[in-house]
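Every chain is numbered from 1, with letters handed out A, B, ... down the list of sequences.
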Amino acid sequence: MDLSLSTRNVSGPGGDRTVVEVGGEIDVYTAPKLREQLVELVNDGSYHLVVDMEGVDFLDSTGLGVLVGGLKRVRAHEGSLRLVCNQERILKIFRITRLTKVFPIHTTVDEAVAATD
Amino acid sequence: MATVELRFSAQPEHVRTARLVAAAVARRAGVDEAVLDEVRLAVGEACSRAVGLHRSHGITAPVKVVLTEEEKNFSIEVGDGVTGTGGGAGNGGDAASGGSDGASSGDLYEGDAEGEDEMGLAVISGLVDDVEVTTGDDGGVIRMSWPTTPAVTMP
């Protein structure tokens with residue numbers, strides 16, 4: 001299954017958030033598309049991103065690299081990048097690489113949008 | 001002798017094919033269903049790494065994946081054509097511990113091929129108990145294996 005991406009803006013208590021809904025497989029072939037999307041958002045001034053990964057079937061280290069790259073870009077503008085994920089198979093990859101310490105991971109989009117710390 | 005052997009040109013779009021084939025053969029070989037996700041991810045990581053190495057070294061030869069069903073285990077070997085890549089499971093471990101440094105890990109993982117290569121190895125070493133990374137005259141090989149459960153004998 002290919003990668004699907006859609007974005008929407010949501011207002012939260014901390015200000016506007018851009019929710020990036022990702023579906024399908026994020027791997028060495030599709031990750032560049034996600035990277036382009038994140039770079040474009042940051043270039044357009046969206047510095048607070050919520051990446052909703054509930055529709056992701058597969059994630060590999062290339063995908064992790066893109067997410068970390070996105071985090072680095074938003075942090076350069078004092079922004080944030082939060083993830084939404086409940087799938088054990090995906091969470092496991094974040095735990096193995098200890099990226100759970102780097103990314104705030106939420107169970108719902110609402111919770112991620114409401115987070116201000 | 002290999003149960004299934006796969007060769008594909010070093011293009012990212014073929015890595016998915018390798019994942020699907022490996023998972024299908026592993027299932028047939030009797031690898032536990034709960035572990036198939038790990039097999040899929042590990043073989044994908046190894047193939048992504050090989051594709052990256054072939055492309056960065058301008059190697060036109062295909063990436064080779066050998067799937068072998070043995071009596072008590074199932075093994076996968078992913079071979080690249082790069083001699084002396086200096087890879088190793090130990091490097092993967094380092095990448096994993098780097099991840100705990102918070103923001104600084106972004107530098108390690110930011111888009112560059114080397115960082116992704118190390119993170120790929122980190123994922124493989126985290127996922128697979130039995131993994132071996134070797135480099136010889138024919139290139140580098142990542143060998144991984146998983147135990148299989150014997151087929152249930154029909155009454």
So which part of B:R40 gets closer than 4.5 Å to some heavy atom of chain A, the side chain, the backbone, both or neither? both

Stacked cation flag B:R19 on A:F58, 6.0 angstrom / 45 deg: yes

Is there a donor-acceptor contact under 3.5 Å linking the side chains of A:T18 and A:N9? yes

Heavy-atom proximity to chain B below 4.5 Å, by part of A:L59: backbone

Cationic tip of A:K33 within the cone over A:Y29's six-membered ring, i.e. under 6.0 Å and within 45° of the normal? yes

Please classify the contact of B:Q11 with chain A as side chain, backbone, both or neither, using a heavy-atom distance under 4.5 Å. neither

I'd like to know if the side chain of B:H54 and the backbone of B:D80 have a donor-acceptor N/O pair within less than 3.5 Å. no

